[in-house]
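Let me begin by presenting the structure, written as structure tokens, before commenting on it.
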Protein chains: 2
Amino acid sequence: MSSVTEKKTRMPSDERRELVLAAATTVFGDTGYAGTTTDAVARASGVSQPYVVRMFGTKEQLFLEVLHRALDKLDTAFRAAIAGDPEVGIERRLGLAYFELTADRGILLCLMHAFALGADPVIGTAARCGFMDVYRLLRDESGMSGQQAADFLAGGMLANVVLGLRLFDDYDTEPAVQELLGTVFPEKLDIIRRSHPPLTPSGPSRTAAPGR
Amino acid sequence: MSSVTEKKTRMPSDERRELVLAAATTVFGDTGYAGTTTDAVARASGVSQPYVVRMFGTKEQLFLEVLHRALDKLDTAFRAAIAGDPEVGIERRLGLAYFELTADRGILLCLMHAFALGADPVIGTAARCGFMDVYRLLRDESGMSGQQAADFLAGGMLANVVLGLRLFDDYDTEPAVQELLGTVFPEKLDIIRRSHPPLTPSGPSRTAAPGR
DNA sequence: CGTCGTTGTAATCATCCGATTACCTATTCG
DNA sequence: CGAATAGGTAATCGGATGATTACAACGACG
């Protein structure tokens with residue numbers, strides 16, 4: 001079995017940690033917090049299940065790190081947009097920043113899953129704080145009014161739902177889906193579409209790793 | 001132990017079934033599909049765990065029934081709003097209908113959970129169909145344009161997130177929360193607030209039932 | 001009354017899954 | 001080199017959980 005990426009030398013642990021976090025983001029995004037097993041994260045990362053647990057201590061803490069990472073990326077993207085070219089309207093700048101985030105489904109889907117778990121004492125608290133931080137960022141540093149910020153957030157939430165529902169999978173067969181997606185993503189629709197290929201029954205094959 | 005609702009006579013099974021569905025809606029809303037156990041649903045319903053399974057066959061089928069019930073209530077409420085007083089603008093009529101639905105957190109939260117599970121072959125399919133049915137209803141039978149319908153949906157999604165996050169719990173302590181909620185729920189804010197009391201650490205005590 | 005379908009439960013099973021333990025291997029440092 | 005530390009896995013455990021089975025209580029009907 002000669003994989004192309006076969007390595008004799010060991011990967012630095014920081015790098016491996018980030019790799020696991022990225023894989024965990026994808027898996028948690030697809031199956032939610034309670035619905036994903038640490039083993040699934042391990043397989044998606046190419047490491048063993050006990051190692052995932054030992055790296056993060058707990059599945060809950062792993063999810064919290066995934067959540068913080070996602071919120072960080074959102075924060076970074078929005079701040080860059082706010083500091084961007086003032087010739088372009090702020091809403092469009094933010095919208096384009098959001099579009100770039102959709103390239104990684106997991107980031108936005110993990111946020112949605114967290115936003116639906118407000119009743120959880122730990123995850124809910126973190127999610128509330130993160131959400132309000134985003135709102136405050138939009139309202140206080142983008143020059144938007146509270147109403148504008150809320151409207152922008154609302155559009156983002158609809159976009160998240162569209163991603164979570166995998167509506168793109170029905171784009172070709174459902175006219176109403178085409179119309180809706182056209183208004184939710186008025187720009188770059190074809191690009192987003194290409195980065196969200198339909199889910200084949202067997203799933204888009206990632207690198208296979210032996211089971212538990 | 002003389003409970004007030006102590007009954008000698010047996011409850012009709014249709015009624016009991018609806019009771020279990022309502023309880024399941026609340027529990028699934030709080031902890032999501034994968035995160036809730038059939039035992040939790042049973043305890044919230046006051047019946048035994050095996051009975052819940054036997055009534056619905058499978059946890060998955062139970063959730064599907066909960067989902068359909070929620071979509072039905074949404075459909076019914078929106079159709080009533082569409083047929084309502086034309087003196088009032090359609091958006092306000094629909095908004096008020098949505099407000100009434102918030103009285104039962106579970107309905108909207110179950111929808112959100114389902115909307116985030118698009119990758120699930122069974123639940124995802126049902127969720128996509130239900131969501132698009134709602135969109136088509138708004139676009140085709142309310143007189144709204146596709147853009148209006150999408151905007152209304154976006155506002156609804158933000159409202160759902162606000163409910164899922166339990167932002168009302170922080171209303172008194174966070175000024176930004178007050179401002180945001182004021183713009184998300186421009187009407188009846190105090191009424192919604194009263195129907196969404198903060199979650200005490202031990203949880204708002206429902207009727208206790210013996211564990212498994 | 002007796003029997004039969006319906007409504008419901010207690011006990012239990014088989015599986016899954018997060019976590020722990022014990023162990024192995026690479027790398028660093030004296 | 002040789003010991004020590006960090007990176008990593010195989011094996012396994014214990015509890016949770018969805019589902020099944022066997023059985024009990026109720027109620028209608030002859």
Side-chain angles (χ1 to χ4, degrees), chain A residues 1 3 5-21 23-24 27-28 30-66 117 120 122-123 207-212, chain B residues 1 3 5-21 23-24 27-28 30-66 117 120 122-123 207-212:
Chain A
M1 307 284 191
S3 165
T5 57
E6 191 107 27
K7 286 213 166 186
K8 292 296 180 189
T9 173
R10 203 178 244 176
M11 182 182 301
S13 78
D14 293 359
E15 195 175 324
R16 176 142 293 194
R17 186 185 176 84
E18 166 58 24
L19 192 140
V20 172
L21 276 177
V27 181
F28 276 127
D30 273 350
T31 47
Y33 170 63
T36 88
T37 69
T38 55
D39 187 53
V41 172
R43 270 184 280 113
S45 316
V47 301
S48 69
Q49 180 264 343
Y51 193 41
V52 170
V53 173
R54 244 209 2 198
M55 253 196 286
F56 298 96
T58 296
K59 184 173 111 163
E60 186 178 69
Q61 287 184 22
L62 167 59
F63 186 76
L64 287 177
E65 292 219 28
V66 165
L117 292 181
D120 182 287
V122 177
I123 296 174
T207 52
R212 262 249 232 195
Chain B
M1 307 288 188
S3 167
T5 57
E6 191 107 26
K7 286 212 169 191
K8 292 297 178 188
T9 174
R10 204 177 243 173
M11 183 181 301
S13 78
D14 293 1
E15 196 175 323
R16 176 142 293 192
R17 186 187 175 86
E18 166 60 22
L19 193 142
V20 172
L21 276 177
V27 182
F28 275 127
D30 273 350
T31 46
Y33 171 63
T36 92
T37 69
T38 55
D39 187 52
V41 172
R43 272 184 280 110
S45 317
V47 301
S48 68
Q49 181 264 343
Y51 193 41
V52 170
V53 173
R54 241 205 7 197
M55 254 196 286
F56 299 95
T58 297
K59 183 173 111 163
E60 187 179 67
Q61 286 183 24
L62 168 58
F63 186 76
L64 287 177
E65 291 219 28
V66 165
L117 292 181
D120 181 286
V122 177
I123 295 174
T207 52
R212 262 248 229 197

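A, B, ... follow the sequence lines: proteins, then strands. Residue 1 opens every chain.
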- Message: Tyr33(B): which residues meet the ring-ring contact (aromatic ring centres under 6.0 Å, His included) condition with it, sequence neighbours left out?
- Response: Phe63(B)
Check nucleotides 14-16 of chain D for protein N or O atoms closer than 3.5 Å to its own N or O atoms and list the pairs.
none

- Quick one: side-chain hydrogen bond (donor to acceptor under 3.5 Å, both in side chains) partners of Thr37(B), sequence neighbours excluded? none
- Numerically ordered, the residues 51-65 of chain A set in heavy-atom contact under 4.0 Å with DNA chain C is Thr58(A), Lys59(A)
- side-chain hydrogen bond (donor to acceptor under 3.5 Å, both in side chains) partners of Ser48(B), counting only residues at least two apart: none
- Query: How many Å lie between CD on Glu15(A) and P on dA6(D), as a whole number?
  - Reply: 20 Å
- To the nearest 0.5 Å, atom CE of Met55(B) lies from atom CZ of Arg16(B) at 7.5 Å
- Message: Tell me the interatomic distance from Tyr33(A), atom OH, to dC17(C), atom C1', rounded to whole angstroms.
- Response: 12 Å
- Item | Residues which pass side-chain contact (heavy atoms from CB on, under 4.5 Å) with Leu21(A), listed by chain and number, not counting sequence neighbours | Glu18(A), Phe56(A), Leu62(A), Glu65(A), Val66(A), Arg69(A)
- Query: Which residue lies toward the 5' end of DNA chain C, Gly35(A) or Pro50(A), if each is placed at its nearest nucleotide?
  - Reply: Gly35(A)
- To the nearest Å, how far apart are Asp14(A) CG and dA6(D) P? 14 Å
- How far apart are the closest heavy atoms of Ser45(B) and Leu19(B), and which atoms are they? O-CD2, 3.4 Å
- Message: If you define the side chain from C-beta out and look only at heavy atoms, does anything of Val47(B) sit under 4.5 Å from Val52(B)?
- Response: yes
- Task: Verify the contact: side-chain N or O of Thr38(B) to OP1 or OP2 of dT17(D), cut-off strictly under 4.0 Å; return yes or no.
- Result: no
- To the nearest Å, give me how far apart CZ (Arg16(B)) and P (dA25(D)) are. 17 Å
- Does anything in residues 48-60 of chain A pair up under salt bridge (charged side-chain N to carboxylate O under 4.0 Å, His left out), and if so which pairs, sequence neighbours excluded? none
- How far apart are the closest heavy atoms of Val20(A) and Val41(A), and which atoms are they? CG1-CG1, 4.2 Å
- Quick one: side-chain contact (heavy atoms from CB on, under 4.5 Å) partners of Ala34(B), sequence neighbours excluded? Ala34(A)
- Message: Pairs counted only when both distances fall under 3.5 Å, Watson-Crick or G-U: show me the 5' to 3' dot-bracket for DNA chain D, [ ] for pseudoknotted crossings and | for other-strand partners.
- Response: ||||||||||||||||||||||||||||||
- Task: Grab the CG-P distance between Asp39(B) and dG18(D) for me, whole Å please.
- Result: 8 Å
- Item | Pairwise side-chain contact, Val53(A) with Thr58(A), heavy-atom cut-off 4.5 Å (strictly under) | no
